[in-house]
Amino acid sequence: PKRFLHMLPPGPPQQPEAASHGGGSRAFSKKTLTWRLVGEAYSSQLPVDEQRFIFRLAFRMWSEVTPLHFQEDLGARGAAVDIKLGFGRGRHLGCPRVFDGSGQEFAHAWRLGDIHFDDDEHFTAPSSDAGLSLLKVAVHEIGHVLGLPHTYRTGSVMQPNYTPQGPAFELDWSDRKAIQKLYGVCEGSFDTAFDWVRKARGRHGEVTVSFSTYFFRNSWYWLYENRNNRTRYGDPIQILTGWRGVPTHVDAFVHIWTWRRDERYFFKGHQYWRYDSDKDQAHTEDEQGRRYPRPISEGFPGIPSPLDTAFYERRKQLVYFFKASSVFAFDVNRNRVLESYPKKMTEVFPGVEPRNHPLRSIDSAYYSYAHKSLFLLKGSSYWRVVNDRDQPRGPWLPPNGLFPKRSISEKWFDVCDVHTSTLR
Amino acid sequence: ETLFHSRDRSDLEPTPLRRAKPIADLHAAQRFLSKYGWAEGPLRMEAAPRGPSPEGPPQGPSGAALAAAVRRFQKVNALPASGKLDLATLATMNRPRCGVPDTRPLLQAAATSPGTPPAVPGPLPRAR
């Protein structure tokens, strides 16, 4: 019983302002938290592996929208584990709060990281629509342990009463913003970002064009759903899973698209890969018999490597390659660098505001079809490039000028890492 | 291990799922309101009224405090805020729910509800 003496439900919030908007208060100061389903408290209703799988998914769902990482820890001493989960009936696990049997109270969470589930309840796997979804209850209780209070907002996972889980149970916008109020938004640089353009034939044979937005970082990637202002549920995913043959830590992606050509290239180090969008894998050999990966110097003579990034300017049919503070304009039809290049990045993309420029070593030059603009990404910031639609409103704006920098997380929301152990 | 005698453990009695006692009377409702943080102060647990008492009907804060607590609970659950324990209110109290209290300040409500240790004054010690 002593163990729980100091584990009372959340006391007066540490940050009074947190209480004022009822938003709860941050419970942990570190970024990676460990959790464990305690061995003496398995449920008797689901296979243990399924219980752990469901908890792993519940933690992952919070990790996909916060800077927090969660790692299952089966080895450390119990006291060292940040969040411990267990099932019990009636008087359970030394907890002062007795469960009441099936119905009414189904679980509770203690501020310092213990979550108890009443095993008299009928907990079920996400695929079932009977009973209480263990996933939904676990996400709710983890929300408490992280510092979120109850809310009566319809659709929130933090409602005190259980509402049957719809077909696609996910954290909605407001729950995301509530937890980000406590732990901040997700920041961080990307290896590259690009829109993948797909052509398809419509019902009447007309060609339709659609695009998907991707962010790549290290060995994983996200698809970003522009219309929903968030990444795809369940991302990030490992690059090797979704992009067969593409290496990790890519430097750049370029889609060369003219009337006669439709080629997609990934660049890393001194090499580049060509991607076969029909077969959805990297080419080992293309129709001209060229084998991949190839040295960049062979396919793009005059271009140095390794690169910082690159993008393809469709109207001029030029690939702009970025390295350090230089920009190289490569003519894809004459297969060579334009005579007047390389140039300084500050010359090609002058800052609209003094001393507000990435200057060198950008991470990505990303043309967004959703925003119809080119963005230079570096670290957690972006600079949007002046385009034709800006000019009428601001004739003084220099062509290809860079607007002052903004935070990437203000434009593309919830692009969050997860612990690598949950990427598999 | 759970005791059994048959090789196939068929005599393992499935633990009868204990059922939570429905919240169906004033006392249970008071416990609920106090347990989940809806009572601002301790709700005095009144014995069930045994007919008219010599000093007349119970007066004072408990009745009013209880009605106010019920009204607060009814409001957030989009029920008519009558302050009375009507069927709809009792039904809402009986819905499956999380055991963490709904409102602040948690400690007072938690400190008086039965089965919870007295509030620990001051900041919570970090060591688990």
Side-chain angles (χ1 to χ4, degrees), chain A residues 1-14 19 22 44 78-82 84 89-91 95-114 116 118-122 132 137 140-141 143-144 148-152 154 158-163, chain B residues 1-2 12-24 28-29 31-32 35-38 72-79 90-128:
Chain A
K2 276 206 179 54
R3 252 167 24 99
F4 287 90
L5 207 52
H6 50 270
M7 305 267 286
L8 288 175
Q14 312 307 326
S44 55
V81 175
D82 296 305
K84 291 212 284 288
R89 290 190 165 106
R91 198 166 293 285
C95 176
R97 193 100 165 196
V98 180
F99 278 133
D100 52 13
S102 75
Q104 289 171 47
E105 191 164 322
F106 49 66
H108 48 231
W110 298 88
R111 176 66 170 273
L112 288 180
D114 280 60
H116 302 154
D118 183 351
D119 210 18
D120 275 328
E121 303 295 343
H122 177 35
L132 297 181
V137 170
H140 175 103
E141 300 303 335
H144 279 316
L148 289 181
H150 280 153
T151 171
Y152 280 82
T154 307
M158 296 311 292
Q159 294 179 72
N161 292 110
Y162 179 82
T163 50
Chain B
E1 68 176 4
T2 311
L12 252 186
E13 286 305 314
T15 326
L17 282 181
R18 266 161 296 192
R19 295 209 60 79
K21 209 156 134 279
I23 298 169
R31 276 174 57 87
F32 175 97
K35 188 174 180 183
Y36 296 116
W38 290 102
R72 276 196 295 278
F73 178 74
Q74 287 168 331
K75 269 194 200 126
V76 293
N77 283 285
L79 296 167
L90 288 174
T92 304
M93 289 178 172
N94 281 293
R95 287 176 55 199
R97 63 157 294 139
C98 165
V100 171
D102 297 334
T103 65
R104 298 178 208 307
L106 298 174
L107 280 186
Q108 292 83 321
T112 56
S113 51
T116 312
V120 175
L124 299 174
R126 272 307 298 157
R128 185 185 294 277

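Keep in mind that the numbers below use all heavy atoms, side chains included, and drop hydrogens, waters and symmetry copies. Each chain gets a letter, A, B and so on, in the order its sequence line appears, and its residues count up from 1. Keep in mind that what you see is a predicted model, and the values were worked out from it rather than measured.
Rounded to the nearest 0.5 angstrom, A/Tyr162 OH and B/Arg97 CZ are separated by 15.5 Å.
Scanning all heavy atoms of the two residues, the minimum distance from A/Leu132 to B/Pro96 falls at CD2-CB, 4.4 Å. For the residue pair B/Pro22 and A/Gln104, the shortest heavy atom distance occurs at CA-NE2, 3.6 Å. B/Thr92 approaches A/Asn161 most closely through the heavy-atom pair O-ND2, 4.1 Å. The nearest pair of heavy atoms linking A/Arg97 to B/Gly99 is NH2-O, 3.0 Å. Across B/Lys35 and A/Val98, no two heavy atoms sit closer than the pair NZ-O, 4.5 Å. Between A/His150 and B/Val100, the closest heavy-atom pair is CE1-O, 2.8 Å.
Contact tally against chain B (heavy-atom pairs below 4.5 Å) for A/Glu141, A/His108, A/Glu105: the top residue is A/Glu105. Chain B forms more heavy-atom pairs under 4.5 Å with one residue of A/Gly103, A/Pro160, A/Ser44 than with any other, namely A/Pro160.
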Original post:
Going through the distances and angles, do A/Thr163 and B/Arg95 end up as a side chain to side chain contact (heavy atoms under 4.5 Å, CB included)?
Top reply: CA-CA 10 Å; A/Thr163 50; B/Arg95 287 176 55 199; 4.1 Å; yes

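When heavy atoms are compared at a cutoff of 4.5 Å, A/Tyr152 approaches chain B solely by way of its side chain, counted from C-beta outward. Using a 4.5 Å cut-off between heavy atoms, A/Gln159 does not touch chain B at all.
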